[in-house]
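Working notes, structure below.
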There are 2 protein chains.
Amino acid sequence: MATIGDVARVAGVSRSTASYALSGKRSISAEVREKVEQAVLSLGYTPNAGARALATSQTKVIGLLARFLEDEFAPAMLQYILGVTNRARERGYDTLLLTDEDGVSALRRISDSRMVDGFILLNVAENDDRLGILRAAAQPGSLVGLPGDPSGIDVFDLDFVAAGRLMVETLHELGHRNLILVSQPEHVLERGGAYVSRLANAAQDRARELGVELHHHFAPSSQPQIGLELARLLDAHPNATGLLLNNEAAAAALPSVLRSRGLSAPADISVIGRYSDDFARTFSLPYTAIDSAADELGRRAVERLVSRIESTSDAVSPIVDLITPRIDDRGSTAVPPTRH
Amino acid sequence: MATIGDVARVAGVSRSTASYALSGKRSISAEVREKVEQAVLSLGYTPNAGARALATSQTKVIGLLARFLEDEFAPAMLQYILGVTNRARERGYDTLLLTDEDGVSALRRISDSRMVDGFILLNVAENDDRLGILRAAAQPGSLVGLPGDPSGIDVFDLDFVAAGRLMVETLHELGHRNLILVSQPEHVLERGGAYVSRLANAAQDRARELGVELHHHFAPSSQPQIGLELARLLDAHPNATGLLLNNEAAAAALPSVLRSRGLSAPADISVIGRYSDDFARTFSLPYTAIDSAADELGRRAVERLVSRIESTSDAVSPIVDLITPRIDDRGSTAVPPTRH
DNA sequence: CTGAAAGCGCTTACAG
DNA sequence: CTGAAAGCGCTTACAG
């Protein structure tokens, strides 16, 4: 492989001149620039990334820490990952994907060896043990997922409080007064998925304010359990006219549950879910839903991280950026059916 | 960050001795080794990856090229990716995930800049334009997906010919003589997904040999089109007693299609799919299926790549490793119903 | 506007 | 068994 020395020799200039001609970091005569560019072309020169990293202390690589938890809907993760890799590339960065079981030691290993310029952490838990390492690391980081203590770090997440309120308000406005909220399993919460309770509590509070009866239940995240549980909940709350789903598996299972009971949405029951647009397409789910905005969260995390990496002053104060929930109306909500 | 120089100073030895003590590449007195290890611990020393890469020409990173094609079932990709990243880590490698639209230039960019020691290409097409670059690259590569011309490169794929035969044989043995095969859309084939026709042709040939009538159809890969098409096929072939699905969306749509027709598998119709075990779990699909073995393919590709990277002689001849299809019996096949 | 030189942090022949 | 030195391929002050 050609080196900058080869380029310099072919162009008949010094190595420093060749380097400056390529970086544009000092003025170069048109003539010399031309010769250098010719040499680069004829030699097919590309800078050696390791050498450049050593000289500049910049790798142009972002470390992406993905956690794959049991009982989590893994395909959803792909949207976050693509949001990150694609936007990173647009900003001139490549992505090192870290899927180690032990995120703490992966983070330490990559940080200490200076393999990346910054980190993005996915699936951040309420009390995430990776945050201590990240705060002490030499490289900046962005989180996707709001932890209990976000101090000192940039955080991006869906506004689950607003999401819970929005779900209730939307059906309340249509005239619903009796709703069921199906959350993810309780152990997701115990593991640190505080967004589950953020949404549920906000929904409860808003329901109380509006005089709406809200039945909140944690439910399994896999078939066939979730299907059975949905049927049980519909039996248990016969007066409920609306179903709020903060549980992807429940959304996927609902069509067949409704069909087998001879019900349809929104004629018999209104439904609002919370999942990604992509998830809706994959499963062809017909429900109005709050988009979880996975790719957008990934993109924002990258933007912020890159500007922090490239900013000279490191006194930029950290932000917590909660995306305002947006409803994708797929026509599964309506006024409640008139009882007879 | 501490350097090897710091370690040497604290341990009271030369930098080369410190380096050798850590690599174990020459014999070191127990006493010196002890002092060096102490120094490493007290300083929290980790080698700088860029410097090491520059000195050794080894990055300990694998480049993973993933293509996300329209009309492809994206979540399936995640299994391949995890198979690769996890096995790579076990072998001491990290993974650079490349999702560039233009795989050709991504491959060239990463190869020329010496950012990785080898490549794994996912979703390889019949006539994949990345292969030319890969063959000319300084780093070795493994393919997941069999191209038309695999010469000179290690290839890993499911044996789709055997899969087609196996599907037909399994139902033939049970007594079925009239089958429908649902393939992915024809444009998947046109785009280079030759596995579609490899499976279909093998199934056709085997059916002919066994005196089985086989109706082969390309079908859409998204809802609601695929559901309608399945219904149409069942109408068009009322005497068919078995359904072979080489189309993930068809498998996902089938439960509701059967239910709405009052049919059930295997009582009324036998079903064999071809998708990953993980896919079956996610959608809780009840069908017997040939596992697409995504993670196993990823793992094998890594094993081979690593041994090629680390082998001194580069005269190792390339292999084409086709995984023998394995049927996961979920009870959706039986003897055909007796007509009356 | 350009060049000679130092330095980034490692590894590894070469000498002893 | 250990050390001094060269070299990997860049970038960037320092000098002119």
Side-chain angles (χ1 to χ4, degrees), chain A residues 1-37 39-40 43-61 109-117 138 310 312, chain B residues 1-37 39-40 43-61 109-117 138 310 312:
Chain A
M1 203 59 201
T3 71
I4 189 96
D6 298 325
V7 171
R9 189 161 26 71
V10 169
V13 299
S14 73
R15 300 196 310 158
S16 58
T17 298
S19 177
Y20 282 120
L22 293 176
S23 69
K25 286 193 181 165
R26 77 179 183 193
S27 32
I28 296 283
S29 71
E31 186 200 9
V32 165
R33 184 198 317 280
E34 179 66 20
K35 283 194 294 186
V36 170
E37 278 165 7
V40 165
L43 291 167
Y45 169 73
T46 304
N48 179 299
R52 173 172 281 179
L54 185 55
T56 63
S57 301
Q58 284 227 80
T59 63
K60 288 288 179 178
V61 176
R109 176 170 60 82
I110 301 298
S111 173
D112 286 352
S113 64
R114 298 292 197 271
M115 290 180 78
V116 305
D117 296 336
E310 297 178 351
T312 45
Chain B
M1 202 62 201
T3 71
I4 188 94
D6 298 324
V7 172
R9 189 163 24 74
V10 170
V13 299
S14 73
R15 300 194 312 159
S16 58
T17 298
S19 177
Y20 283 120
L22 292 176
S23 70
K25 285 190 181 169
R26 79 180 181 192
S27 34
I28 297 283
S29 70
E31 185 201 9
V32 166
R33 183 197 317 282
E34 180 65 23
K35 282 193 295 185
V36 170
E37 279 164 6
V40 165
L43 291 167
Y45 169 73
T46 305
N48 178 299
R52 174 174 280 177
L54 185 56
T56 63
S57 301
Q58 284 226 81
T59 63
K60 289 289 180 177
V61 175
R109 176 170 60 82
I110 302 297
S111 173
D112 286 351
S113 65
R114 297 294 197 273
M115 290 181 78
V116 305
D117 296 336
E310 298 179 350
T312 44

From [atom1] of [X] over to [atom2] of [N], roughly how many Å is that when rounded to an integer?
{"X": "A/D112", "N": "C/dC10", "atom1": "CG", "atom2": "C1'", "result": "16 Å"}
{"X": "A/R114", "N": "C/dG9", "atom1": "CZ", "atom2": "P", "result": "9 Å"}
{"X": "B/I4", "N": "D/dA6", "atom1": "CD1", "atom2": "C1'", "result": "17 Å"}
{"X": "A/R33", "N": "C/dT2", "atom1": "CZ", "atom2": "C1'", "result": "13 Å"}
{"X": "A/N48", "N": "C/dC8", "atom1": "CG", "atom2": "P", "result": "18 Å"}
{"X": "A/L22", "N": "D/dT12", "atom1": "CG", "atom2": "P", "result": "13 Å"}
{"X": "B/Q58", "N": "C/dT12", "atom1": "CD", "atom2": "P", "result": "9 Å"}
{"X": "A/K35", "N": "C/dC1", "atom1": "NZ", "atom2": "P", "result": "15 Å"}

[X] side chain near [N] phosphate (N/O to OP1/OP2, under 4.0 Å):
{"X": "A/R52", "N": "D/dT11", "value": "yes"}
{"X": "A/S14", "N": "C/dG3", "value": "yes"}
{"X": "B/Y45", "N": "C/dC10", "value": "yes"}
{"X": "B/K25", "N": "C/dT11", "value": "no"}

Nucleotide nearest [X] (side chain, heavy atoms from C-beta), chosen from [options]:
{"X": "B/A55", "options": "C/dC10, C/dG3, D/dG9", "answer": "C/dC10"}
{"X": "A/V32", "options": "C/dT2, C/dC10, C/dC8", "answer": "C/dT2"}
{"X": "B/S29", "options": "D/dT2, C/dG3, D/dC10", "answer": "D/dT2"}
{"X": "B/L54", "options": "C/dC10, D/dG3, D/dC8", "answer": "D/dC8"}
{"X": "B/I28", "options": "D/dG9, D/dT2, C/dC10", "answer": "D/dT2"}

Nearest non-hydrogen partners of [X] and [Y], listed with the distance:
{"X": "A/L22", "Y": "A/Y45", "answer": "CD1-CE2, 3.8 Å"}
{"X": "A/V7", "Y": "A/A39", "answer": "O-CB, 3.7 Å"}
{"X": "A/M1", "Y": "A/T46", "answer": "CE-N, 4.2 Å"}
{"X": "B/I110", "Y": "B/V116", "answer": "CG2-CG1, 3.7 Å"}
{"X": "B/A138", "Y": "B/S111", "answer": "N-OG, 4.1 Å"}

Quick one: the side chain of [X] and the base of [N], do they pair up donor-acceptor inside 3.5 Å?
{"X": "B/Y20", "N": "C/dA13", "result": "yes"}
{"X": "A/S16", "N": "C/dA5", "result": "no"}
{"X": "B/R26", "N": "D/dT2", "result": "yes"}

For this session: Enter the distance from B/I28:CD1 to B/K35:NZ here, rounded to the nearest 0.5 Å.
Result: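 Interatomic distance, B/I28 CD1 to B/K35 NZ, rounded to 0.5 Å: 11.0 Å.
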
For this session: Assign each of B/E31 and B/A51 to its nearest nucleotide of DNA chain D by heavy atoms, then name whichever residue's nucleotide is nearer the 5' end.
Result: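 Its nucleotide being nearer the 5' end, the pick is B/E31.
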
Problem set entry | G-U wobble or Watson-Crick pairing nucleotide for D/dA4 (cut-off 3.5 Å, both distances) |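 D/dA4 is paired with nothing.
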
Problem set entry | G-U wobble or Watson-Crick pairing nucleotide for D/dA13 (cut-off 3.5 Å, both distances) |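 The answer is none; no pair meets the criterion.
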
For this session: Would you indicate what B/T56 reaches in the nucleic acid, counting non-hydrogen atoms under 4.0 angstrom: base, sugar-phosphate, or nothing?
Result: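 Here B/T56 touches the backbone only, sparing every base.
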
For this session: Select base, sugar-phosphate, or nothing to describe what A/S19 touches, counting heavy atoms under 4.0 Å on all strands.
Result: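 A/S19: base contact, heavy atoms under 4.0 Å.
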
